[in-house]
2 protein chains.
Amino acid sequence: MENPIIQFISSYIKLSPEEINIVNEQNQIKSFKKGTVLLSEGAYAKECYFILKGCVRSYYLIDGEERTTEFYTENQGINPVSYLTRQPSEYYLACEEDCEVALSSAERSRVLIEKVPKLEALIMQMSSQLLVQNQVSFDSFKNLNPEMRYLKLLETRPDLFNRVPLQHIATYLGITPVSLSRMRKRITVKH
Amino acid sequence: MENPIIQFISSYIKLSPEEINIVNEQNQIKSFKKGTVLLSEGAYAKECYFILKGCVRSYYLIDGEERTTEFYTENQGINPVSYLTRQPSEYYLACEEDCEVALSSAERSRVLIEKVPKLEALIMQMSSQLLVQNQVSFDSFKNLNPEMRYLKLLETRPDLFNRVPLQHIATYLGITPVSLSRMRKRITVKH
DNA sequence: CTCATTAATTATCTTTTGTTAATTTTTGCC
DNA sequence: GGCAAAAATTAACAAAAGATAATTAATGAG
């Protein structure tokens, strides 16, 4: 069976067998148990991630409360702000499920691009895509009220509701768990 | 007096006199009157912008209401989502003040990078910086309630309050103009 | 300067969310 | 399977935001 990373890259550009070898060499794959913290507040992110299997959640710890900002699942990349800025991280990254994750670092990325130059264009494209996605998400968050955000999430990422606790979805939607619970009741009563 | 674009670039990398000429050649600078719409919903963005002077606002038109998503001011770049995706724009860009704007396009960027290769690294760095800023802004928006967002904006961009109508700041903060007005009163009474 | 237009504020009422605490349900581990 | 811990729900009340309408203030074009 082929490496999911290779599958992912191949959906964008064609790789020769030797290039596949190089990519596989440069890619470190690790497994993490549910609950593992990949990055802590105050720590320096030395690596970026690509989720092969499982779910990673990013969250801030504010007044002792966790405020979820993102759920990363299969085929999503994580470029921690701390990794890009080389400043201490302001948030946590933790595995919500048992995970398989491909790791890369500044050094390994450099080597990889040197050996397979055509990957650079792909990485730049993905980076620009990431910016677009992030901006669209932000706009959508601002333009919708909590109930619409909830209904939209139900449509776009229904799997999340079977993978992570509702309380984390609540803070992801920008409301409290109590409010989400109440809202869910309100919605089911309506229909 | 030197071009602000050159000043901006020079604050990151050193340009030779001939490189400065090339940059100036490739940069088209235009003036727009307050109220000019640079990009409409449904249109294809053919250009990206760099604000030399003035203020440009991005907003969605939802049920006949304008929902502001960003204010771009001096030394900020605008990469419309539509420019990056080549899809019709979902939002508007309009000048809130008389503006001076540097314009670029895919074609001009390509030529510029070809002639001044060291600009590519700068552009990539700016792109990554843009992603970080956007992510941090999003996180901050989600982690703060409307009042805290307002107080923070007062601190970080006090100039905006003298440049754009409060109703646009209100939707930028994710609330209605009426609610912002009420909140402002609440705050002044408190102190 | 004047007047029409737009923006901002205020008031009233409804809806939703936050907060705290208690209760029920679910989960996971021995 | 039983039990402790975590998660979800429910209840009750306070605080804030949305909606609508009326009033006041500010702006800008002629």
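We name chains A, B, ... by the order of the sequence lines, and we start the count at 1 in each one.
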Query raised in the report: Separation of A:Leu144 atom CG from C:dT16 atom P, in whole Å?
Result: 16 Å
Query raised in the report: How many Å lie between CG on B:Asn162 and P on C:dA7, as a whole number?
Result: 17 Å
Query raised in the report: To the nearest angstrom, how far is A:Arg149 atom CZ from C:dT16 atom P?
Result: 14 Å
Query raised in the report: Is there a side-chain polar atom (N or O) of B:Lys34 under 4.0 Å from OP1 or OP2 of D:dA29?
Result: no
Requested in this report: With A:Glu19 as reference, evaluate A:Lys115, A:Lys118, A:Lys14 under the side-chain hydrogen bond (donor to acceptor under 3.5 Å, both in side chains) test and give the passing residue.
Outcome: A:Lys118
Query - Contact state string [nucleotides 17-23 of chain C, B base, S sugar-phosphate only, - no protein heavy atom under 4.0 Å] - result: BBBB---
Report task. Would you mind reading off the distance between B:Arg184 atom CZ and C:dA7 atom P, rounded to a whole angstrom? Result -> 15 Å
Query raised in the report: With no hydrogens and no angle check, do the side chains of A:Thr68 and A:Arg57 hold a donor and an acceptor under 3.5 Å apart?
Result: yes
Query raised in the report: Roughly, in whole Å, what's the span from CG in A:Leu173 to C1' in C:dT16?
Result: 15 Å
Requested in this report: Kindly compute the distance separating CD (B:Glu97) from OG1 (B:Thr73), expressed to the nearest 0.5 Å.
Outcome: 8.5 Å
Query raised in the report: Would you find a donor on one side and an acceptor on the other, under 3.5 Å apart, between the side chain of A:Ser179 and the backbone of A:Thr176?
Result: no
Report summary line: Atom CG of B:Leu166 and atom C1' of C:dA7 are separated, to the nearest Å, by 9 Å
**Report entry** B:Glu97 CD to D:dG28 P, straight-line distance once rounded to whole Å
**Finding:** 12 Å
Query - Of A:Tyr172, A:Tyr59, A:Tyr60, the residue whose pairing with A:Thr69 passes side chain to side chain contact (heavy atoms under 4.5 Å, CB included) - result: A:Tyr60
Query raised in the report: Whole-Å distance between C:dT10 P and B:Gln167 CD?
Result: 16 Å
Query raised in the report: What's the spacing between B:Ile78 CD1 and B:Phe50 CZ if we round to 0.5 Å?
Result: 10.5 Å
